[in-house]
Amino acid sequence: MNAIDPMPPEDIRRRAEALGPWFHNIELKGGIWTAPNHFLGNYPAIKWQQFADAIPQDLTGKSVLDIGCNGGFYSMEMKKRGAERVLGIDFDETYLAQARFAAQTMGHDIEFRQLSVYDLGQLGERFDIVLFMGVLYHLRHPLLALDLIHEHVAKDLLVFQSMQRGSTEVMPVEENYTFWQTDHFDDPRYPKMHFIEHRYADDPTNWWAPNSACVEAMLRSAGFEIVRHPETEVYICRRVDAPPGAGAVYPAKGRTA
């Protein structure tokens with residue numbers, strides 16, 4: 001077998017199994033699936049089908065940043081639409097190894113880099129489309145992450161998705177409330193972020209579970225205008241000027257004795 005020969009299906013299957021377990025169920029060459037017994041079914045393809053039409057079909061000449069790229073499913077979908085540059089970042093090197101293998105197997109030229117959402121300023125560039133899918137609720141500092149995306153990498157569109165719990169209804173919120181007004185806090189439609197101290201779904205990285213109103217309020221607070229809501233958990237946003245008081249913070253690094 002020379003350098004241009006494709007990898008035989010049995011080798012693809014063996015390598016995919018060695019890189020497992022996978023969270024992204026991706027169909028590789030030869031009809032091999034990376035997570036055929038996924039507890040959510042054919043995920044994330046079933047999620048993608050619900051909002052794929054909300055993203056431009058032709059991304060020729062566009063740049064895309066996939067934050068929390070996991071196994072690379074969304075990065076590859078962006079490349080399929082002709083994106084000129086796709087960069088996938090993730091904190092977990094295991095996911096990045098999966099993503100690199102999947103992209104290579106499928107013949108996609110995608111760059112993957114180990115980087116935290118909190119270190120986006122290191123990139124030094126803005127992207128036409130930023131994907132921020134399934135990451136917010138895994139972060140101890142979720143609003144900071146949105147502020148950093150706005151401040152450093154978002155040029156135009158943000159595609160956002162988060163697990164949500166609680167009410168899906170959104171109530172009108174007043175511009176201000178007096179100190180003695182408290183009833184709105186008890187309304188399930190008011191923006192709420194449920195804190196998970198221990199575990200949820202056996203995952204120690206699940207820290208937050210916002211309701212719909214909270215997600216929308218956080219996006220607006222960070223400077224993202226919601227232009228479409230094609231799926232229950234998915235929002236297509238456009239970067240606008242951040243409101244007064246918004247912005248990332250940069251605490252000095254280091255630990256005290």
Side-chain angles (χ1 to χ4, degrees), residues 6-9 11-49 51-52 55 59 62-120 122-123 125 127-139 145 148-149 152-154 157-163 203 205-206 233-234:
M7 185 181 295
D11 289 350
I12 294 175
R13 185 186 308 278
R14 187 162 43 248
R15 181 74 188 282
E17 290 176 353
L19 288 170
W22 294 65
F23 184 67
H24 281 183
N25 188 29
I26 300 170
E27 184 178 12
L28 303 175
K29 296 278 181 149
I32 296 166
W33 294 86
T34 59
N37 299 316
H38 201 296
F39 75 102
L40 292 176
N42 187 18
Y43 189 89
I46 54 173
K47 173 73 74 173
W48 169 241
Q49 292 167 4
F51 69 92
I55 298 175
L59 297 179
K62 301 294 185 181
S63 59
V64 179
L65 174 64
D66 185 1
I67 301 172
C69 62
N70 202 280
F73 176 89
Y74 291 114
S75 293
M76 290 190 289
E77 291 300 325
M78 297 299 99
K79 201 64 180 178
K80 289 177 186 177
R81 296 192 176 195
E84 180 176 344
R85 168 164 161 71
V86 178
L87 171 61
I89 66 170
D90 204 290
F91 181 78
D92 193 322
E93 184 57 46
T94 299
Y95 290 146
L96 292 170
Q98 293 175 349
R100 292 186 183 105
F101 172 69
Q104 179 184 19
T105 301
M106 301 304 291
H108 295 303
D109 181 16
I110 301 173
E111 179 185 356
F112 294 100
R113 193 184 306 180
Q114 188 173 28
L115 194 70
S116 164
V117 66
Y118 303 122
D119 296 318
L120 288 175
Q122 294 181 17
L123 291 177
E125 62 179 304
F127 297 79
D128 297 302
I129 299 175
V130 175
L131 305 179
F132 193 45
M133 306 287 296
V135 179
L136 186 87
Y137 51 95
H138 292 301
L139 302 174
L148 289 167
I149 291 171
H152 292 288
V153 294
L157 292 183
L158 171 70
V159 183
F160 174 92
Q161 180 262 329
S162 174
M163 173 184 72
D203 189 339
T205 71
N206 282 334
E233 298 179 340
V234 177

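Nothing fancy with the numbering, it's 1 onward along the sequence.
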Quick one: are F132 and V117 in side-chain contact, heavy atoms under 4.5 Å? yes
Pairwise distance CG(L123) to CG(L115) - rounded to 0.5 angstrom: 5.5 Å
Donor-acceptor under 3.5 Å (D90 side chain, L96 main chain): no
Validation row: L65, I149 side chains within 4.5 angstrom (heavy atoms): no
Side chain R15, main chain F101, donor-acceptor under 3.5 Å: no
Just so I know, are the side chains of N206 and H138 near enough to count as touching, which here means a heavy-atom distance under 4.5 Å? yes
Least distance between heavy atoms, A102 atom then G71 atom: CB-O, 4.0 Å
Rounded to the nearest 0.5 Å, how far does CD1 of I55 lie from CG of L131? 6.0 Å
Check against side chain to side chain contact (heavy atoms under 4.5 Å, CB included), F51 and E233: CA-CA 10 Å; F51 69 92; E233 298 179 340; over 6 Å; no
Tell me whether R100 at atom CZ has more than 12 heavy atoms from other residues, nucleotides or ligands lying less than 6.0 Å away. yes
Roughly how far, to the nearest 0.5 Å, is CD1 of I26 from OG1 of T34? 5.0 Å
Taking the side chain as every heavy atom from C-beta outward, state whether M78 and I110 have any atom pair closer than 4.5 Å. no
Starting from the C-alpha separation in whole Å, work towards a yes-or-no answer on side chain to side chain contact (heavy atoms under 4.5 Å, CB included) for V64 and F127. CA-CA 6 Å; V64 179; F127 297 79; 5.7 Å; no
Mind checking whether F39 and F23 have parallel, tilted or perpendicular rings, split at 30° and 60°? tilted
Nearest heavy-atom pair of L139 and A145: which atoms, and what distance? CD1-CB, 3.5 Å
Under a 3.5 Å distance rule, please check whether W33 uses its side chain to pair with a backbone N or O of N42 as donor and acceptor. no
Taking atom NZ as the centre, does K79 end up with more than 12 heavy-atom neighbours from other residues, nucleotides or ligands that are less than 6.0 angstrom away? yes
Under 3.5 Å donor-acceptor, Q161 side chain and G134 backbone: yes
With rounding to the nearest 0.5 angstrom, report the OH to NZ distance, Y74 to K47. 7.0 Å
Look up atom CD1 in I129 and atom CG in L59, then write down how far apart they are to the nearest 0.5 Å. 4.5 Å
Which heavy-atom pair separates M106 from K29 by the least distance, and what is that distance? SD-N, 3.5 Å
Supply the atom-to-atom distance T105 OG1 to E27 CD, rounded to the nearest 0.5 angstrom. 12.5 Å
Check this for me, if you would: do E77 and K80 make a salt bridge, where the nitrogen-to-carboxylate-oxygen distance has to be below 4.0 angstrom? yes
Walk me through it: do Q122 and R113 pass the test side chain to side chain contact (heavy atoms under 4.5 Å, CB included)? CA-CA 12 Å; Q122 294 181 17; R113 193 184 306 180; over 6 Å; no
Verify, without hydrogens or angle tests, whether Q98 (side chain) and L19 (backbone) share a donor-acceptor contact under 3.5 angstrom. yes
Any side-chain to backbone donor/acceptor pair from N25 onto A35? Under 3.5 Å, distance only. yes
When every non-hydrogen atom of C69 is compared with those of S75, the smallest separation belongs to CB-OG, 4.0 Å
Just by distance, do the side chain of Q114 and the backbone of F91 share a donor-acceptor pair under 3.5 Å? yes
D11 versus M7, closest heavy-atom pair with distance: CB-CG, 3.5 Å
Any non-hydrogen side-chain atom of L120 less than 4.5 Å from a side-chain atom of I67? yes
I would like to know whether F73 and Y43 meet ring pair (Phe, Tyr, Trp, His ring centres under 6.0 Å); could you show each step before the answer? CA-CA 9 Å; F73 176 89; Y43 189 89; 8.4 Å; no
Restricting to non-hydrogen atoms, name the atom on L28 and the atom on I12 that form the minimum distance, rounded to 0.1 Å. CD1-CG2, 3.8 Å
